[in-house]
There are 2 protein chains.
Amino acid sequence: MGVTTRVAIVDDDALVRAGLRMILGGDPSLSIVGEASDGREALDMIATASPHVVLMDIRMPVLDGLETTKALTRRGDHVRIIVLTTFDTDELVVTALRHGAVGFLLKDTSPSNIVDAVRRVAAGESILSPSVTAQLIAKVTGGSDAQRERAVVLLEGLTDREREVAIAVGRGLSNTEISAELFMGVATVKTHLGHVFVKLDATNRVQVARVVHDAELASD
Amino acid sequence: MGVTTRVAIVDDDALVRAGLRMILGGDPSLSIVGEASDGREALDMIATASPHVVLMDIRMPVLDGLETTKALTRRGDHVRIIVLTTFDTDELVVTALRHGAVGFLLKDTSPSNIVDAVRRVAAGESILSPSVTAQLIAKVTGGSDAQRERAVVLLEGLTDREREVAIAVGRGLSNTEISAELFMGVATVKTHLGHVFVKLDATNRVQVARVVHDAELASD
DNA sequence: GTCTCCCTCCACCTTTGGGTTGAGGCGGTA
DNA sequence: TACCGCCTCAACCCAAAGGTGGAGGGAGAC
């Protein structure tokens with residue numbers, strides 16, 4: 001791709017826009033084709049300027065970066081969005097990515113890295129700043145890893161038949177349906193389920209379903 | 001930290017080990033304190049050599065990189081593991097990260113980037129190669145997005161009270177408990193729940209719990 | 001052989017859940 | 001005004017779930 005990459009900047013702070021303009025404008029492979037100071041403006045601007053890459057602030061008046069990203073994705077624009085944020089403490093990372101963002105940068109990222117990020121994103125890569133990466137990993141691996149681990153251990157404490165019954169309960173089946181599926185009498189289902197209640201410390205089949213669900217996510 | 005970072009290499013291919021040794025040995029801030037050609041060896045070697053960072057291949061005889069990583073994590077070693085792989089098509093990324101790896105690199109990564117990665121990891125960052133990042137994002141965003149979206153839509157179709165009841169059901173509460181928590185009669189709980197069954201196309205409170213759970217993951 | 005664990009099932013009972021009908025109050029809207 | 005949707009509750013019923021005790025058979029451990 002020898003063609004220049006079309007970039008747009010969306011931020012409510014004029015100073016930030018100016019800074020980014022300077023940083024990105026210095027690179028001959030990039031050309032800034034539009035700017036906007038809030039989400040509404042951005043939607044219009046992007047429709048007419050058709051940039052390849054958009055640098056988008058999260059916190060903005062009128063329509064924030066998340067909603068704007070979502071709107072762009074919904075409307076089917078082929079724009080690669082890099083979300084900018086001041087703090088990485090935000091719980092917004094996953095939300096932004098889910099809404100279609102392909103990059104996530106902290107504002108204090110060095111100029112050369114920002115330029116690099118834009119180029120990479122234009123080339124089809126996804127780019128995350130290190131702390132964001134760590135967050136993402138935490139999201140995938142953990143969430144509540146202890147809880148999953150606990151669920152797995154609990155299920156392992158069951159006998160084979162008990163576990164089968166528990167899993168069937170997790171699928172929302174009634175005792176009669178379970179008895180048919182596992183080729184056992186309803187009485188037997190009840191017996192197993194009684195043991196399951198004790199072992200999983202549940203009083204209720206919904207609670208059994210919860211444990212089964214938690215354990216399911218742990219694809220060891 | 002002016003101290004040199006202790007690095008270990010685990011790979012069954014002697015050529016790869018030699019290559020990495022050359023690449024990493026060239027950097028004065030790193031010192032290679034051990035090597036192993038399979039997982040078993042690695043466990044012993046790491047115990048005695050106590051490296052800060054381990055570069056670990058996934059595909060190895062005897063004990064693969066995944067299991068080795070898992071074993072190290074379980075045994076409580078304070079080692080930061082970077083997983084190496086030839087192809088990024090692997091479904092192993094998430095598994096590796098879940099088992100305690102903090103980095104994931106393709107073997108064709110440039111030498112300078114590998115060195116950089118080791119230093120970053122030693123400094124506490126998490127590092128992923130671009131395509132892996134994309135995969136990770138896909139994992140977080142996707143998974144079963146349609147299912148989640150469906151769940152969210154279904155819950156939005158409920159009235160406020162119905163939704164509150166549904167969520168309470170998802171927590172495994174009985175009708176009596178729900179009536180106490182939401183300050184309404186048990187009869188009212190039943191009424192709402194009846195509507196919930198219809199709207200969520202459920203016949204059974206476990207199925208309601210499933211929908212609620214699916215929707216919970218979608219933090220819109 | 002004996003002990004233990006698991007799987008299987010029975011009978012009996014109480015509680016909860018799920019389905020139905022009906023009804024009063026309240027707020028918004030045509 | 002009348003209408004409509006939502007929240008509230010009641011009485012009733014039957015089916016399902018949950019709890020208790022017991023019992024027989026098979027497989028492995030000692």
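Lettering follows sequence order; numbering is per chain, from 1.
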A:Arg171/A:Glu181 salt bridge by N-O under 4.0 Å criterion = yes
Quickly work out the B:Lys190 NZ to C:dG22 P distance and round it to whole Å.
-> 18 Å
Distance, rounded to the nearest Å, where A:His195 contributes NE2 and D:dG18 contributes P = 15 Å
Have a look at B:Thr188 and say if it touches a base, only the backbone sugar-phosphate, or nothing, with a 4.0 Å heavy-atom cut-off.
-> base
Residue pair A:Asp44 / A:Arg40, side-chain heavy-atom distance below 4.5 Å | no
Check whether any side-chain N or O of A:Arg21 sits under 3.5 Å from a backbone N or O of A:Ile32 as a donor-acceptor pair, and report yes or no.
-> no
Whole-Å distance, A:Ile178 CD1 to D:dA17 C1', equals 11 Å
N or O in side chain of A:Thr159 less than 4.0 angstrom from C:dC7 OP1/OP2 = yes
Backbone of B:Val33 reached by a side-chain donor or acceptor of B:Arg6 within 3.5 Å | no
Evaluate the side chain to side chain donor-acceptor pair (under 3.5 Å) criterion for residues A:Arg205 and A:Asn175: first the C-alpha distance (whole Å), next the side-chain angles of each, then the deciding distance (0.1 Å), finally the verdict.
-> CA-CA 10 Å; A:Arg205 54 177 54 214; A:Asn175 289 344; 2.3 Å; yes
With respect to the side chain of A:Phe197, which nucleotide from C:dT8, D:dG19, C:dG18 is positioned closest?
-> D:dG19
Could you state the interatomic distance from CD (B:Glu67) to OG1 (B:Thr69), rounded to the nearest 0.5 Å?
-> 9.0 Å
Just how far, in rounded Å, is C1' of C:dG17 from CD of B:Glu177?
-> 14 Å
Spacing of CG belonging to A:Leu20 relative to CG belonging to A:Leu15, to within rounding of 0.5 Å | 11.0 Å
Ranges pairing with ranges for DNA chain D, where each run has three or more Watson-Crick or G-U pairs under 3.5 Å = C:1-30 with D:1-30
Whole-Å gap separating P (C:dC9) and CG (A:Leu182) = 11 Å
Gap between atom OG1 of B:Thr191 and atom CE of B:Met184 - 0.5 Å precision = 9.5 Å
Phosphate OP1/OP2 of D:dG18: any A:Arg205 side-chain N/O under 4.0 Å = yes
Closest to side chain of B:Asp160, choosing from D:dC7, C:dC7, C:dG17 | D:dC7
Regarding the side chain of B:Ser174, the nearest nucleotide among D:dT8, C:dG18, C:dG17 is C:dG17
Measure the distance from CG on B:Leu173 to P on D:dA17 and round it to the nearest whole Å.
-> 19 Å
What is the distance, rounded to the nearest whole Å, between atom CG of A:Leu193 and atom P of C:dT8?
-> 14 Å
No-H, no-angle donor-acceptor pair, A:Thr191 side chain to C:dC9 base, under 3.5 Å = yes
Looking only at side-chain atoms of A:Arg161, point me to the closest of C:dC6, D:dC7, C:dT8.
-> C:dT8
When the nearest nucleotide of DNA chain D is assigned to A:Ala202 and to B:His192 on a heavy-atom basis, which residue is associated with the more 5' position?
-> B:His192
Shortest side-chain distance from B:Glu162, nucleotide among D:dC7, D:dA17, C:dC9 | D:dC7
Would you mind classifying the nucleic acid contact of A:Gly194 as base, sugar-phosphate or nothing, using non-hydrogen atoms under 4.0 angstrom?
-> nothing
Check whether any side-chain N or O of B:Asn175 sits under 4.0 Å from OP1 or OP2 of C:dG17, and answer yes or no.
-> yes
How long is the line joining CG of A:Asn204 and P of C:dT16, in whole Å?
-> 11 Å
Could you check which of D:dT8, C:dC9, C:dC7 has an atom nearest any side-chain atom of B:Met184?
-> D:dT8
